[in-house]
2 protein chains.
Amino acid sequence: MSTISKENYLKAIYQNLSLGVAATTSKLSNDLEVSNAAISDMAKKLSKEGLISYEKYKGMVLTKEGKKIALDVIRRHRLWEAFLAKVLGIPWGEVHNEAERLEHHSSEELINKIDEYLGYPDFDPHGDPIPRSNGNLPDAPKFIPLTKTKVGTAYKIARVNDKNTDLIRYFTKIGLKINGKLKVVDRLSFDDSLHVEINGRPFTFSEKIAANIFVNEYNPETEK
Amino acid sequence: MSTISKENYLKAIYQNLSLGVAATTSKLSNDLEVSNAAISDMAKKLSKEGLISYEKYKGMVLTKEGKKIALDVIRRHRLWEAFLAKVLGIPWGEVHNEAERLEHHSSEELINKIDEYLGYPDFDPHGDPIPRSNGNLPDAPKFIPLTKTKVGTAYKIARVNDKNTDLIRYFTKIGLKINGKLKVVDRLSFDDSLHVEINGRPFTFSEKIAANIFVNEYNPETEK
DNA sequence: CTATTAATTTAAGCATGCTTAAATTTATGT
DNA sequence: ACATAAATTTAAGCATGCTTAAATTAATAG
């Protein structure tokens with residue numbers, strides 16, 4: 001049987017794997033803020049239930065069924081984020097924490113109603129793609145980490161990491177928003193910090209901040 | 001510390017006491033669908049935490065603090081019901097089950113946003129009063145159970161029990177709605193079944209159904 | 001290649017909130 | 001009043017999902 005805890009484990013495994021990061025015991029221990037022993041324990045259970053495949057000391061991979069559950073949890077999470085932001089005007093930096101709890105307590109019918117209400121959106125307020133009810137992700141260009149962009153080039157801001165409320169508040173403050181334009185002015189090789197321009201104003205991002213921002217090619221034709 | 005389970009116990013105790021029903025072990029066991037032993041167990045814990053006062057074999061009473069939590073859970077429940085019905089158009093018979101889960105997973109900020117969005121409503125879709133954020137209940141005339149009404153009199157439908165989806169679906173089907181008019185035509189002494197008129201159409205309610213409907217005086221002046 | 005370090009797993013234990021079965025207390029009928 | 005029934009509590013046990021500490025396996029440096 002699936003529980004809140006198992007949903008969270010599956011989601012965390014999915015999110016690591018989808019970023020190309022191995023779902024190891026220590027990585028998950030860090031992500032989920034529980035001990036290594038707890039991860040090891042749960043890995044056995046999820047494996048026995050056929051939701052992950054797991055060999056001792058080797059990390060975890062989702063089975064088809066495990067992936068389906070993970071995507072469903074993510075769907076619920078992102079739809080809640082979009083819904084709360086749109087209807088209640090909750091700031092995009094704060095919807096994550098609410099969604100983190102609500103995602104485990106909503107019927108499929110409720111989630112589909114929210115989806116319908118929002119007009120079947122493809123992305124949540126942070127630019128993350130929302131899995132459809134059939135489990136597919138909408139097509140979208142692959143996100144480019146701001147850390148890997150070219151100096152002198154303009155990009156479209158496509159996604160920010162949804163997990164840090166304070167950082168997103170700062171983004172709001174400086175006018176950084178999804179689908180906005182960002183120009184990479186310079187990158188200091190000393191610390192990989194970035195000089196960028198947003199709405200004509202200059203800002204400097206540490207590498208750590210830049211790692212939370214993702215962009216796409218900027219296409220002046222399709223933008224206003 | 002308060003948990004989902006404790007919130008549910010406190011809510012159930014409150015709801016019994018507010019109907020003038022003693023919060024005994026067996027009553028709560030029935031309401032919460034757990035064993036008598038579980039109730040007994042929890043009674044000790046809640047008592048130790050100062051949320052109820054409890055003497056063995058004597059039933060439970062909420063302390064001030066326990067009542068505060070109970071009212072807060074009820075507030076969350078009823079605001080969710082109102083919100084889901086209004087925004088998503090979820091039928092009034094179905095919002096209860098969703099609210100039953102969401103009530104335990106919403107921050108105070110979220111609940112207050114919902115309250116604000118709805119314009120600080122006094123009643124939920126079933127006619128139940130919504131506790132305010134300060135813990136007070138809105139003033140309202142006391143509900144009269146349909147079972148205690150006078151034959152030949154017209155009443156305003158004020159509240160229905162929110163717990164039975166099927167029954168509420170039936171109410172919808174026959175045009176029974178909150179604030180609607182209902183005339184008591186006859187009561188059979190044999191089984192206390194009621195003949196009523198709603199929108200000019202006659203219906204018969206068993207006593208069991210009537211016990212789930214509550215009314216107020218009908219005032220033709222204030223009604224349209 | 002081996003010693004040391006890092007990562008992971010196993011073992012034992014704990015809190016929560018249930019269960020069933022047995023014991024106990026309270027209520028009821030005559 | 002007193003036997004019986006009903007209600008309640010106690011006892012023992014279980015599943016979940018954690019913890020810390022010890023044991024084990026894998027990775028890495030020299």
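So you know, we letter chains A, B, ... as the sequences are listed, proteins then strands, and number each from 1. Treat the numbers as computed from the prediction; the structure is a model and nothing was measured.
The side chain of B/A37 sits closest to C/dT20 out of D/dT8, C/dT20, D/dT16. Residue A/K45 places its side chain closer to D/dT16 than to any other of D/dT16, D/dT9, C/dC18. Which of C/dT24, C/dT10, C/dG17 sits closest to the side chain of B/M42 comes down to C/dG17. Across D/dT8, C/dC18, C/dT8, the shortest atom-to-atom separation from the side chain of B/N36 is found for D/dT8. Minimum atom distance to the side chain of A/K44 is reached by C/dT10, of the listed C/dT10, D/dT20, D/dT9.
For the pair B/D41 CG and D/dT10 P, the interatomic distance rounds to 9 Å; values are reported in whole Å. Straight-line distance from the NZ atom of A/K6 to the P atom of D/dT16: 6 Å, rounded to whole Å. Between A/E55 atom CD and C/dT9 atom P there is a gap of 11 Å when expressed in whole angstrom units. The nearest whole Å value for the distance from the CG atom in B/L32 to the P atom in D/dT8 is 14 Å. Separating the CG atom of B/L28 from the P atom of D/dT9 is a distance of 11 Å, rounded to the nearest angstrom. The nearest whole Å value for the distance from the CG atom in B/N8 to the P atom in C/dT16 is 17 Å. In this entry the distance linking NE2 of B/H104 with C1' of C/dG17 reads 14 Å, nearest Å. For the pair A/I39 CD1 and D/dT16 C1', the computed distance is 15 Å after rounding to whole Å.
Between A/S5 and D/dC18 there is a side-chain N or O to OP1 or OP2 distance below 4.0 Å. A sub-4.0 Å separation between OP1 or OP2 of D/dG17 and a side-chain N or O of A/T3 is present. Within the structure, every side-chain polar atom (N or O) of A/Y57 is placed at least 4.0 Å from both OP1 and OP2 of D/dA23. B/Y54 has a side-chain polar atom (N or O) that falls below the 4.0 Å cut-off from OP1 or OP2 of D/dT9. Taking only side-chain nitrogens and oxygens, A/S35 never comes nearer than 4.0 Å to OP1 or OP2 of D/dT20. Residue B/K56 places at least one side-chain N or O closer than 4.0 Å to OP1 or OP2 of D/dT10.
Under the salt bridge (charged side-chain N to carboxylate O under 4.0 Å, His left out) criterion, A/D139 pairs with no residue at all, not counting sequence neighbours.
Annotation: B/H126 is not in aromatic contact with B/H96 [ring centroid separation under 6.0 Å not met].
Residue B/I39 holds its CD1 atom at 10.0 Å from OH of B/Y54, rounded to the nearest 0.5 Å. Rounding to the nearest 0.5 angstrom, the gap separating the CZ atom in B/F171 from the CZ atom in B/F203 is 11.5 Å.
None of A/R78, A/H77, A/R76 except one satisfies the side chain to side chain donor-acceptor pair (under 3.5 Å) rule with A/E103; the exception is A/H77.
Place A/V34 and B/K58 on DNA chain D by their nearest nucleotides, and B/K58 ends up nearer the 5' end.
B/S26 comes within contact range of the sugar-phosphate backbone alone, with a heavy-atom separation under 4.0 Å but no base atom that close. Contacts of A/T25 with the nucleic acid, taken as non-hydrogen atoms under 4.0 Å apart, involve only primed sugar atoms and P, OP1 or OP2.
Counting only distance, with no hydrogens or angles, the side chain of B/R187 and the backbone of B/T147 share a donor-acceptor pair below 3.5 Å.
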